[in-house]
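A short write-up of the structure that comes next.
Order of the sequence lines sets the chain letters (A, B, ...), proteins ahead of strands, with each chain counted from 1.
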Number of protein chains: 2
Amino acid sequence: MANQLSQLDQVFAALADPTRRAIVMRLCAGEASVGELADPFDMALPSLMKHIQVLETSGLVQSEKSGRVRTCRLGPDALVGAEYWFQQQRAIWEARLDRFEAYVMKLKREKERAAAKRPSRTTKRKGSE
Amino acid sequence: MANQLSQLDQVFAALADPTRRAIVMRLCAGEASVGELADPFDMALPSLMKHIQVLETSGLVQSEKSGRVRTCRLGPDALVGAEYWFQQQRAIWEARLDRFEAYVMKLKREKERAAAKRPSRTTKRKGSE
DNA sequence: TAATTGGTTAGCCATGAAGCTAACTATAGA
DNA sequence: TCTATAGTTAGCTTCATGGCTAACCAATTA
């Protein structure tokens, strides 16, 4: 029943909210209690708690309670998975651009060769730019 | 009224859906028509169109119609913004780890120095901080 | 011109997300 | 022990999202 979202789904969904991104950014600078995290936001505590829970189920954040204060920190491989996805895509994208460039170069070479083969043509040639 | 979401919000939200990620991945390999994009999915066309629209308003995808076929391609700086965000966070995170390591090293040095200074002591001292 | 193809618009529905208040639990401090 | 602090749970509202069908253009093709 538990809707089985992929890790990546959850991470991106978590980061789609500015409040949650702010929390992550805050935690990049070091761990913090729920209260400290809530402080900069004009938002009821339970609302903020929900954000923290979202971050936690996505794996971006971990927390542990000691006494009455819960301390939050970034999950160990928090951002790695998502960042990896980008790198993958960029790699494919760039490979494609390379191939495209190669293709354009090939076209150009062929065109030049063709032009060399028939050096004189009665009407205007457009090709020689 | 147009809810003013930040670019980053929209990009991450767009990428939070597996269908949309698949579309982006497909477009990394080259442009495609709406029909070609829809093909691998078991989903009604209008539903898929909505996904494309989401991708388009996020800036991840661009499209243009010629005749009756609409061709989609990745937006020029599509993934850059989001990837940049990750790099930023990682930079802060790593700086913090460096600082933390430096701190631990400092503690260690101080401890050694202190140990050197009082080679023998009967009971535990609390006061020396 | 008629039929097909490729996409689009409109409108419906179910679910989930983001916020709130109010009331509650449990620890820490006076 | 009393009180204040820190967080939690429950339950409500509102709006956004993701999916559908049905009907509708507008280019192509026969």
Side-chain angles (χ1 to χ4, degrees), chain A residues 1-24 26-27 30-73, chain B residues 1-24 26-27 30-73:
Chain A
M1 266 142 234
N3 209 348
Q4 261 298 42
L5 289 182
S6 89
Q7 181 82 358
L8 219 39
D9 287 16
Q10 293 190 39
V11 168
F12 281 130
L15 293 177
D17 185 286
T19 303
R20 288 194 291 257
R21 275 203 310 284
I23 293 176
V24 169
R26 169 60 240 276
L27 291 179
E31 58 185 40
S33 71
V34 170
E36 286 165 355
L37 288 178
D39 206 44
F41 300 101
D42 183 18
M43 188 182 290
L45 240 201
S47 312
L48 200 115
M49 282 283 301
K50 262 199 213 168
H51 285 301
I52 295 180
Q53 278 161 25
V54 170
L55 288 167
E56 207 156 354
T57 64
S58 79
L60 283 168
V61 164
Q62 290 180 344
S63 73
E64 123 200 67
K65 192 163 184 176
S66 148
R68 66 184 163 173
V69 28
R70 175 175 297 280
T71 303
C72 304
R73 61 184 62 83
Chain B
M1 257 142 234
N3 210 347
Q4 262 297 40
L5 290 180
S6 90
Q7 181 82 359
L8 219 39
D9 287 17
Q10 293 190 37
V11 169
F12 281 130
L15 293 177
D17 184 285
T19 303
R20 289 194 291 258
R21 275 204 309 283
I23 293 176
V24 168
R26 170 57 239 279
L27 291 179
E31 57 185 39
S33 72
V34 171
E36 286 165 354
L37 287 178
D39 207 44
F41 299 102
D42 183 20
M43 188 181 288
L45 240 199
S47 311
L48 200 115
M49 282 284 300
K50 263 199 211 168
H51 285 301
I52 295 181
Q53 277 162 25
V54 169
L55 287 167
E56 207 156 353
T57 65
S58 80
L60 284 168
V61 165
Q62 290 180 344
S63 73
E64 124 199 65
K65 192 163 182 175
S66 149
R68 65 183 165 176
V69 27
R70 175 175 298 279
T71 304
C72 305
R73 61 184 62 83

**Message:** Using whole Å, what does the distance between atom C1' of nucleotide D/dT9 and atom CZ of A/Arg70 come to?
**Reply:** 13 Å
**Message:** Contact list please: residues 41-64 of chain A against DNA chain D, heavy atoms, distance less than 4.0 Å, in numerical order.
**Reply:** A/Leu45, A/Pro46, A/Met49
**d(CG, A/Leu15; P, C/dA18) in whole Å** = 12 Å
**Item:** Any residue meeting side chain to side chain contact (heavy atoms under 4.5 Å, CB included) with B/Pro40, in chain and number order, not counting sequence neighbours
**Value:** none
**Request:** For B/Arg20, check salt bridge (charged side-chain N to carboxylate O under 4.0 Å, His left out) against everything at least two apart and list the hits.
**Result:** none
**Complete:** Residues pairing under salt bridge (Lys or Arg N to Asp or Glu O under 4.0 Å) where one sits in residues 38-55 of chain A, two or more places apart or in two chains, turn out to be none
**Asked** If you pin B/Ser33 and A/Asp17 to their nearest nucleotides in DNA chain C, which one's is more 5'?
**Response** B/Ser33
**Asked** Does A/Leu60 reach the side chain of A/Ile23, with side-chain heavy atoms less than 4.5 Å apart?
**Response** no
Show the distances under 3.5 angstrom between N or O atoms of the protein and N or O atoms of nucleotides 28-30 of chain C.
residue: C/dA28; atom: O4'; partner: A/Arg68; partner atom: NE; Å: 3.4
residue: C/dA28; atom: O4'; partner: A/Arg68; partner atom: NH2; Å: 3.0

**Request:** Would you please name every residue forming a side chain to side chain contact (heavy atoms under 4.5 Å, CB included) with B/Ser47, sequence neighbours left out?
**Result:** B/Met43, B/Ala44
**Prompt:** Who pairs with A/Ala16 by side chain to side chain contact (heavy atoms under 4.5 Å, CB included), at least two apart in sequence or on another chain?
**Reply:** B/Phe12, B/Ala13
**Message:** Could you tell me if the side chain of A/Leu27 sits less than 4.5 Å from the side chain of A/Cys72, heavy atoms only?
**Reply:** yes
**Prompt:** B/Lys65 NZ to D/dC25 P: how many Å, rounded?
**Reply:** 13 Å
**Request:** Return each pair, listed once, that meets salt bridge (Lys or Arg N to Asp or Glu O under 4.0 Å) where at least one residue sits in residues 54-73 of chain B; pairs must be two or more places apart or across chains.
**Result:** B/Glu31-B/Arg73, B/Glu64-B/Arg73
